[in-house]
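Here's the structure we're looking at; comments come further down.
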Amino acid sequence: MAPSAIDIPTPISDGYDPRKDTFRGPSKVAFNPAIHLNYTPPNRKYTYSELGLPLKGTSDFGTTEPFQLCSEAAVVELRRELLQPSTIKRRMHSWYRAPATLRGFTEKEAPFIHAFWRSPEVHKIMEEAVGIELEFALPYEIGHTNIQLGASGKEGVQEFPLLPEPVPAGWEEEKSVYHEVNVDDWHTDSFPYVCVLMLSNTDKMVGGETALRMPDGSLRKLRGPTMGSCIVMQGRHMPHAALRAWNTGERITMTCSYRPKSPALRDDTEITNSLELSYLNELTGQFALERFKVLKKKSEYMIAQLEKAKKDALEREPDNLDAVIMDRKAVKAMMKEMIWYLEVSMKQMKMHIDED
Ligand SMILES: [Fe+2]
């Protein structure tokens, strides 16, 4: 049987106009920073110190002001993959905190989403925002997307257009069970750093911000003024929520999560929240792999430190058979951190040390 029209990707030619391509599926468009990025650095950033939040994280970075990250052409390709039938069918999860998320896309299902976030250009922007080198917290979290639901519920998600438009004049939202429900209720993230990218039209949107709760109970609300804008934050230790948007047919935000790249910095990653929203064998398998990668890197870092200390001692005191060849404090700190890291790993995966 011939495949249906929707399964046939539009060939990409020089005159390709993503706005006219109604295909929903893995994008055939190669990521091109000249076309897909529209970057303007954030006007300012706020540290945890400035916000009056306790310093529990791996840097003092708190959050950026909203800034423009990508173009309309990128938004359309991201949505083409998000809103494809198989993704809506197989990748939609919901839980008490959020009525609808789309997440866990493989590169085969969503090549553009992966190419976008994995591009050196976007990665560099994220590192500039945070101020330290980063790596992905977990492949499963690349492109995690929160979707606001309306009266048509989950069924309505497949009706969202690839190019979002403002609602027409006089449009009124039909009341539903989701009417007063936050898109993602109050929480701290499982991942150290996150970018939240707005994929809906914001021309007439009211609300829809990411709200941060300050120590005095006040709220700081951040939302990009345009489609394709984002905020970057260290959400691991900062209570926040994705607020419902009004006067808009939809509110879709895509996120990508990061951990510090440096082996000298702690990895705060957990999967507490992800366990509620994932295919568990895939998630825990990825999590275990990433934990060992981090431990390997930390081991290699400490091996290099100890080898250098030994070399330095030999050069400094060639005749002293009992020269100091390690920084006991640093070794102890790293060993403690590695024990903690393995304990967190086992706890997260519901493994008990005394059980087979
Ligand atoms: Fe969050």
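When reading the values below, keep in mind they use all heavy atoms of this one structure, side chains included, and skip hydrogens, waters and symmetry mates. Both ligands and their constituent atoms are indexed starting at 1 by order of listing.
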Side-chain ion pair, Arg259 and Glu135, N-O less than 4.0 Å | yes
Residues Glu77 and Arg80 bridged, charged N to O under 4.0 Å | yes
So, Arg103 and Glu141, do they make that salt bridge, N to O below 4.0 Å?
-> yes
Would you list the protein N, O or S atoms within less than 2.8 Å of the Fe ion (ligand 1), leaving out water?
-> His187 NE2, Asp189 OD1, His240 NE2
Axial cation check for Phe136 ring with Arg118, 6.0 Å and 45° limits = yes
Do the side chains of Lys293 and Leu295 get nearer than 4.5 Å, heavy atoms only?
-> no
Is the backbone of Val232 close enough, under 3.5 Å, to the side chain of Thr64 for a donor and an acceptor to pair up by distance?
-> yes
